[in-house]
Amino acid sequence: MTAAALPEPVAALERCVSRPLGLLLAAVVLVLAIVLSIAVGARSLAPGEVWQALWHPSGDRTSEIVHDLRLPRTALGIAVGAALGVAGALMQALTRNPLADPGLLGVNAGAAAAVVVAMATLGVTAPTEYVWFAFAGAATVSVLVYGLGATGSAGASPVRLALAGIAITAALQAFVSGMVVLQPQVFEQFRYWEVGAIGGRDWAIAGRMGAFVAAGLVLALALARPLNALALGDDASRALGVRPRRVQALGLVAVTVLSGAATAAAGPIAFVGLTIPHVARAIAGPDQRWVLPYCLVLAPVLLLVADVVGRVVDPPAEVQVAVVTAFIGAPFFIALVSRRRIAQL
Amino acid sequence: MTGDGAPAAAIRVVRGAGGRVALRLHVRSAVVVGGLLVVALALTVLAVGTGDYPLSSRDVVETLLGGGPAGADVVIETLRLPRATTALLVGGALGVAGAIFQSITRNPLGSPDIIGFTQGAAVGAVLQIAVLGGGTLAIAAGAVVGGLAVAAAVFVLALRTGSTQGYRLVLIGIGFSTLLASLTAFLLTRVTLESSQSARLWLIGSLNGRGWEHVVPVALALAVLLPAVGVLGRTLRQLELGDDAAAALGIAVDRARMWLVVVAVGLTAVATAATGPIAFVALAAPQLARRMTRATGPGLVPSAALGAVLLVLSDLLAQRSFPDTPLPVGIVTGVVGGLYLVWLLSREWRTRTR
């Protein structure tokens, strides 16, 4: 990574050799994180017990913990983490803004508004039911924000998307507050969704939203090459045969699907989509064909580790994963903002 | 977002005391402010007549002047008038604070939220309400302390890493706000439903139950802060010329900005302590005031007047829109303010080609 001291071609060659290796290493770390996530908790299990319970489910307490609690939680953590990380990388590539975050499109506010409406008007209480509303709300609001940002002939620039997101998010947050204040029984449910956690969700949610996440990831990875071209500017990318508007539209679809599914399943989780792409770019350089896979692997590591930390910090109660990622991510973000030259928003 | 340049004739010089005192006056601004004060008065009369015991405007005026139906004076004096007065004072304070923030950050979306004040106040208040179980005064104190602590942290961090100019301050504020929002949501899950509900209610911003015990501290604080604003007003205008030009005019730029931020945060702290954080007044009032007066410059007095009008109007709407359930005023300002911003942005973007 200290390529400044070496002449350019050597640095590039070093990178070429180390990138696949790095990805392999990251995958190994992910496996370790998965093991940790299954083993650690209010009742910690030894790796041997975990192995036994995984392959020979026997219906006793350990097996129950592993299969009904830890495995769905871990699976959801992987899906949500991968979704948020890749969505963040896409967002930063599309807006050419290193400080972009999927939440900028109003995904969190849209999901929250839809969940509150579902809880209040339809009496929906089970996560497996309101997850669809959340997803629909997130998608709708993303479309609205993009529609507002693209008003007029100039098209959707990063500044406009950010401003549109802020305006619509603010209105929706006030609406959510209003609903929650007027309907106390809704608030009882809602406050647990609002804090962003991967515990307490079963296989159904992990499976359904996981399918959406998978679709989004496929689209995102397919866009890696066009995004590289897009980074050179609109004119250069057209010269390379890439259509900027189409790539942007597809990219935003991917971001919406990924972050919508993640927020619908787990609630609003901040900072993952913001910080992981920076780490990925620091390791792999600006080539999106490497940044996206690195994000796909590293973001679940962050999420699972944060979840584990939340489990052990205050036993037997849990600190939800969104709080831990906020405490990790915020200092990172602030250090980032303080140190580098900020690209004008 | 500067208005079109006002022709020279729009500024009059008013002299007094035998020619020794001269005041530059932007005529349109003065007219607008006068009009807004009249509207504020009218809305106050309407607001005072609203509630469980409705009074006609005529009754209200008569009671204020010392007559009126029996029993009305008690209702007005103890319930309605302090509520309306709080709305006027808090609205004015928020309008001025917003104008100062927008001017020093040179960002039309500048508001006290950007330096994390609102979220800091939220955490402080939630801690008091839900964890420490304090009363009204403790909640207000907690909010102010929390907000000031976060604002100070953001400001110090931004200062140490560069200047307070531009987006670094905004971004550090956003970082802190997001972190604190997570913390607040977390705290709300850890306490009883009733505690978290009253915390949530406070966080929206409401004028319910605001009495003279709220008006007096706000008025006292404004009596201290508004003269400070008056003194700094000219410096603010000169800072708008740019750092280099202002420094050439003899202003200590960073120190002046620091004092302006202190005053603006002070105004916001007072407002938040009285009513909880009310969204969008600090953002919208200066923008609307600028469009109405078409003046250049920060327009502190028109912003204050319009802020007061907006808050009283929002309170009126909040109380009257659903007859059975009076809403907290923060919901109206949030929804209406957000939609207004959407409309504003779409209108501006539709006509621009860049």
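Sequence lines set the chain letters: A, B, ... in the order given, protein chains first and strands last, and positions in each chain run from 1. Since the structure is predicted, the reported quantities are computational estimates derived from the model, not experimental observations.
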statement: Here the pair of heavy atoms bringing Val342(B) nearest to Ala167(A) is CG2-CB, 3.7 Å
message: Looking at every heavy atom in both Ala330(A) and Gly175(B), which two are closest together, and how far apart are they?
response: CB-O, 4.2 Å
query: Which heavy atom in Val323(A) sits nearest to a heavy atom in Phe186(B), and how many Å separate them?
result: CG2-CB, 3.4 Å
field: Audit row: Met179(A), Ile331(B), side chain to side chain contact (heavy atoms under 4.5 Å, CB included) steps and yes/no
entry: CA-CA 9 Å; Met179(A) 292 288 279; Ile331(B) 295 179; over 6 Å; no
- prompt: Which of the residues Gly337(B), Ala181(B), Ser182(B) is involved in the greatest number of heavy-atom pairs with chain A at under 4.5 angstrom?
  reply: Ser182(B)
task: For each of Ser177(A), Gly178(A), Ala170(A), tally heavy-atom pairs with chain B at distances under 4.5 Å, and name the one with the top tally.
output: Ser177(A)
field: Approximate separation, where rounding is to 0.5 Å, of Leu179(B) CG and Phe333(A) CZ
entry: 11.5 Å
query: Taking all non-hydrogen atoms of both residues, which atom of Thr189(B) and which atom of Arg191(A) are closest, and how far apart?
result: CG2-O, 3.1 Å
query: For the residue pair Val335(B) and Ala171(A), what are the closest heavy atoms and their distance?
result: CG2-O, 4.1 Å
task: Give, as side chain, backbone, both or neither, the part of Leu201(B) having an atom under 4.5 angstrom from any heavy atom of chain A.
output: both
Part of Thr192(B) within contact of chain A (heavy atom distance under 4.5 Å): backbone
- request: Heavy-atom pairs under 4.5 Å with chain B are the metric here; pick the option from Ala322(A), Ala326(A), Ala197(A) that has the most.
  value: Ala326(A)
task: Examine whether an atom of Gln185(A) lies under 4.5 Å from a heavy atom of chain B, and if so say whether it belongs to the side chain, the backbone or both; otherwise answer neither.
output: neither
